[in-house]
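Please read all numbers here as calculations on a predicted model, not as lab measurements. All residue numbers refer to positions in the sequence shown, counting from 1.
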Amino acid sequence: DELDKLIEAFNKMSNSLSLSQRKTQSALDSLRQAKQELEIRVRQRTSDLSEVNSKLSQEVAERLVAQKALQEAATIDPLTRLFNRRVVQERLDLEVARHGRQNTPFTLIIVDLHHFKMINDTHGHDAGDSILVETGVRMKGIIRGQDTLARWGGEEFMILLPDTGSAGGREVAEKVRARIVDTAYYFAGKEIRVTASFGVAQYKGDLEGTITVADQALYQAKNLGRNRVVLADAES
């Protein structure tokens, strides 16, 4: 009887152990399946995040390009790639403020190319555009890095010369004038001669007045025969 009881107990233990092993194996199988499913979901999620990150990076890049294009449109003349009137006006205001603080001089030069309508009519607007671009390149090659060159409008340009008096402005204008007149322009194999007039004025406390007298000096240069530099009278 004791042996039977012992055998019966052993059988129960064996059955219980076998059941436990099956449960353990089942749990391990479930865990393995859950792990595999989790790995699949992680890979899918990683792929999704990578795609989203790529799209975000592309969108950021596109927005930066668009922002740069908008900034250029607001500050750069699309033809000559020089600063536009808005930029030079802002820099003029800054120079006025600096003059008020430190009494530093600055001078303006207004440049006008002669007979530009005739150039367009004779050689075509593409030739006129080419001359405007080339003129900008020539002037940039003469002025300093701290100076501002802008397309003032049409065939007119403005040069802002910080820390420069009227004599220095006249000297720069003469260099630019010589650079324009002494070297021919070429378009479609044709030589085109260009001249320009220059009005120079040093700031004397009234920005609009300085621009006005520089413009008056420019027209005086035209009336005197063109292709010359006129320095605005300090008292006018």
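His99 has its ring centre less than 6.0 Å from the ring centre of Tyr203.
Side chain of Arg85 to backbone of Trp152: a donor-acceptor contact under 3.5 angstrom is found. Looking only at distances, a side-chain donor or acceptor of Thr122 sits under 3.5 Å from a matching main-chain atom of Met118. A distance-only check finds a donor-acceptor pair linking the side chain of Ser57 to the backbone of Asn53 [under 3.5 Å]. Proximity of a side-chain donor or acceptor of Ser130 to a complementary backbone N or O of Gly128 within less than 3.5 Å is not detected. No donor-acceptor pair under 3.5 Å is formed between the side chain of Arg177 and the backbone N or O of Ile180. In terms of modelled atom types and a separation under 3.5 Å, the side chain of Ser47 and the main chain of Arg43 share no donor-acceptor contact. A donor-acceptor pair under 3.5 Å is formed between the side chain of Arg228 and the backbone N or O of Arg226. For the pair Thr107 (side chain) and Thr164 (backbone), a donor-acceptor distance under 3.5 Å is present. No donor-acceptor pair under 3.5 Å is formed between the side chain of Asp215 and the backbone N or O of Ile110.
Geometrically, Arg138 engages Tyr185 in a cation-pi contact defined by less than 6.0 Å to the ring centre and at most 45° from the axis. Judged by the 6.0 Å and 45° rule, Lys190 forms no cation-pi pair with Phe187. A cation-pi geometry, defined here as NZ or CZ lying under 6.0 Å from the six-membered ring centre and within 45° of its normal, holds between Arg91 and Phe83.
Under the 4.0 Å criterion applied to side-chain N and carboxylate O atoms, Asp147 and Arg144 are assigned as salt-bridge partners. Note on Asp77 versus Arg81: no salt bridge recorded, every NZ/NE/NH1/NH2 to OD/OE distance being 4.0 Å or above. Remark: Glu37 does not engage Lys35 in a salt bridge, criterion side-chain N to carboxylate O under 4.0 Å.
Within the model, atoms CG of Leu218 and CD1 of Ile109 stand 11.5 Å from one another, a figure rounded to the nearest 0.5 Å.
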Determine, stepwise, if the pair Glu59 / Arg63 fulfils salt bridge (Lys or Arg N to Asp or Glu O under 4.0 Å). CA-CA 6 Å; Glu59 183 178 346; Arg63 289 190 178 187; 2.7 Å; yes

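Under a hydrophobic-cluster definition in which Ile, Leu, Val, Met, Phe, Trp and Tyr are linked whenever side-chain heavy atoms come within less than 4.5 Å, directly or via other members, Leu161 and Val200 are assigned to the same cluster.
With hydrogens and angles left out, the side-chain atoms of Gln58 and Glu62 include a donor and acceptor closer than 3.5 Å.
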